[in-house]
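When a ligand or atom number is given, it counts from 1 through the structure's own listing order. All figures in this text were calculated on a predicted structure; none of them were measured in a lab. This chain uses plain numbering: 1 for the first residue, then up along the sequence.
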Amino acid sequence: MPNSDIDAPIFAPDAFRIASADAKLIERARQFGAKVLAPRAAEHDRAATFPIENFRDMHGEGLLAICVPKEDGGLGADFKTYCLAAAELGRYCGATALSWNMHVCSTLWTGALADELDLSPDERALHATRRRVHYHRIVADGAIYSQPFSEGGAAAAGVVAFGTEARPVKGGFIVNGKKIFASLSGAADYYGVLCTERAEGEDASRRNTLYVAIPAAAQGMNVTGDWDPLGMRGTVSRTLLFKDVFVPEEEMLMPHGVYFRAASTFPHMFLTLSPTYMGLAQAAYDFTVSYLRGEVPGTPPVKRRMFPTKQIAVAEMRVMLEQTKALWFQAISEARANPTREQVLRAYAAQHTVMENANALAAKAIRTCGGQAMLKSLPLERIYRDSRCGSLMLPWTAEICLDRLGRETLYQPGEKDD
Ligand SMILES: Cc1cc2nc3c(=O)[nH]c(=O)nc-3n(C[C@H](O)[C@H](O)[C@H](O)COP(=O)(O)OP(=O)(O)OC[C@H]3O[C@@H](n4cnc5c(N)ncnc54)[C@H](O)[C@@H]3O)c2cc1C
C-alpha cells in the first residue's frame, strides 16, 4: 500500500487550527508546487537558469499577488498564511520558493505589515496611493519584483547605512551603488532596492533608508557577474550596478523613514526567508521515507526499511522535523508589530533552527538512504545543496541569530556591565 502521508500538507489544517480559507490557499500552493514546480526543478538547477515559466504560471494562479490586499485584486494572505504557502512551494523547488519570497515581500511588507505600523494619516494616504500602482502591475501584468539588499558589507546585517545611495532631485532620486546576490537578476521587472537617502552634505543614516522600485529597463542599471553557486542555482542572484539611475518619486515602495520603522517594530519581517527552508526540511524527510519504502519514482522498488539502523535514523529525523515545525509554527504565528522580547528571541531561535535543521536533515537523509540516493537523477542532492544556503542568508544568518539570542537573553535593553 503506498504511503499516503507523503505529499500531505506539511501543517495539517485541523491539527494546527488553520482557518479554512487560509488552508485552501496553502493547498493551492501545495498542488501548484507538486504539479508545476517539481518537474522543472532539476533542469533549472543544473543549468543555473531562472525558472521564468514558473513565475508566468504563478501569475495565472494568482500566486504572484498572494499578499496583495483583496481590495487591490490580490489574494490577501497574511504573514502566517504566506509563510505556510511558501513552505509548500519550497518542498518542490527551493530556488523558485526563495525567489518568490523576494517578490512577495515587496507586497507583504508594503501591505499587511505596513498596515500594522503607526503611520500618520498623511503617510498612510500617500502610501495607499503609491502601493496601488505596484499592486496593479503585479495583478494585471504579472510584473515580478525582486529584493536586493546585500552589498557585501555590514549594511545587510542592519549594522550600518546602505552604501547604495539615493540623492534627492526634482521629482525623484538619483541612485548610485551596487547590490550583490540579487535573486531574480535579469528576470525581475522591478528591483525593490534599499538605499540610503542622502542630500548633499548630509551624513548617511539608517533612519533614512529608502525602499524604491527601480525598473529593470532604467537607464544606468546593469546586471553583471556570473552565477555558478553550490545551491539555489535557479535564483540567478547576480550583481546589480546603479550608475546615476533616475528613479521617480512615485516608485517609492514606502514613504520616507518608514522602512526603518518597519524593521524596528516588525522584526519578524526578516523571518520570511525561512519558509523555503522549512519546505526543504520536509522534502528531505519525505524523500527518506519514500526511498526506504522503495517508492521513489524512477528507482527500483527495493525496500530498505527493515534494517533497525534505518528505522532509528528515520525516528531521529522525525523528532528533528517535529521540533523544527513546532517552533517555526509558533514563531510565524506570533509575527506582529511591537512583539514582546520573548517573541523576538523565539523568532531568532526559529530562524536558526529551520536554517540549520533543513541542512542537517538533508545530510542525514543522504547518509541514511545511501549512495544511489544522491545521484543527480534524484532530488535529494539538490535539496542538500539548496538547504546549505539557508544559514548564510542575511540579515538573520544562523551566526547572527545566535549572537543576538545570547546577548539579548543575558542583557536587558540598555544594561551594561560597568
Ligand atoms: C541563494 C542566495 C540568494 C540570495 N538572494 C538575495 C537577494 O535576493 N537579495 C539580497 O539582498 N541578498 C540575497 N542573498 C545574500 C545573502 O543574504 C548574503 O548577503 C550573502 O550570502 C552574502 O553574504 P556575505 O558572504 O557577503 O556575508 P558577510 O557579510 O561576509 O558575512 C559572513 C558571515 O559573517 C557573519 N556576520 C556578518 N555580519 C555580522 C554581524 N554584524 N554580526 C555577527 N556576524 C556577522 C554572518 O553569519 C555571515 O554569514 C542571497 C544569498 C544566497 C546564498
Heavy-atom gap Ala156 to ligand 1 smaller than 4.0 Å: no

Nitrogen or oxygen atoms of Gln147 and ligand 1 under 3.5 Å apart: yes

Heteroatom distance test (Asp403, ligand 1): nitrogen or oxygen, under 3.5 angstrom: no

Heavy-atom donor-acceptor pair, Arg167 side chain to Ile174 backbone, under 3.5 Å: no

Top protein contact for atom 41 (N) of ligand 1, by heavy-atom distance: Val159 CG2, 3.5 Å

Protein residue, atom and distance nearest to atom 8 (O) of ligand 1, heavy-atom basis: Ser183 N, 3.0 Å

Shortest heavy-atom approach to atom 46 (C) of ligand 1 - which of Ile180, Val160, Thr397: Thr397

Heavy-atom nearest option to atom 34 (O) of ligand 1, drawn from Glu399, Met102, Lys179, Arg404: Glu399

Full working for side-chain hydrogen bond (donor to acceptor under 3.5 Å, both in side chains) between Thr353 and Gln323: CA-CA 9 Å; Thr353 301; Gln323 288 169 340; over 6 Å; no

Any N or O of Thr235 closer than 3.5 Å to N or O of ligand 1: no

Residues which pass salt bridge (charged side-chain N to carboxylate O under 4.0 Å, His left out) with Arg318, listed by chain and number, not counting sequence neighbours: Glu322

Within-cut-off N or O pair, Met232 and ligand 1, under 3.5 Å: no

Where Pro395 and Ala157 come nearest, the two heavy atoms and their spacing: CB-CA, 4.1 Å

For ligand 1, the portion of Leu394 having any non-hydrogen atom under 4.0 Å away: both

Contact check, Pro148 vs ligand 1, heavy-atom distance below 4.0 Å: yes

Heavy-atom proximity to atom 20 (C) of ligand 1, best of Trp227, Trp396, Phe181: Phe181

Atom 10 (C) of ligand 1 - nearest protein heavy atom and its distance: Ser150 OG, 3.3 Å

Within the 6.0 Å centroid threshold, strictly below: Phe11 and Trp328: yes

Glu151 side-chain N/O to Gly163 backbone N/O, donor-acceptor pair under 3.5 Å: yes

Option whose closest heavy atom lies nearest to atom 37 (C) of ligand 1, chosen from Asn101, Leu392, Ile400: Ile400

Atom 25 (O) of ligand 1 protein-contacted (non-hydrogen atom, under 4.0 angstrom): no

Arg46 CZ: over 12 foreign heavy atoms closer than 6.0 Å: no

Full working for side-chain hydrogen bond (donor to acceptor under 3.5 Å, both in side chains) between Asp403 and Tyr348: CA-CA 10 Å; Asp403 183 52; Tyr348 295 148; over 6 Å; no

Backbone of Thr110 reached by a side-chain donor or acceptor of Arg131 within 3.5 Å: yes

Glu53, CD: over 12 other non-hydrogen atoms inside 6.0 angstrom: yes

Heavy atom of the protein closest to atom 50 (C) of ligand 1 (residue, atom name, distance): Met393 CE, 3.5 Å

Test item: protein heavy atom less than 4.0 Å from atom 30 (O) of ligand 1: no

Trp396/Tyr277 aromatic ring centres below 6.0 Å: no

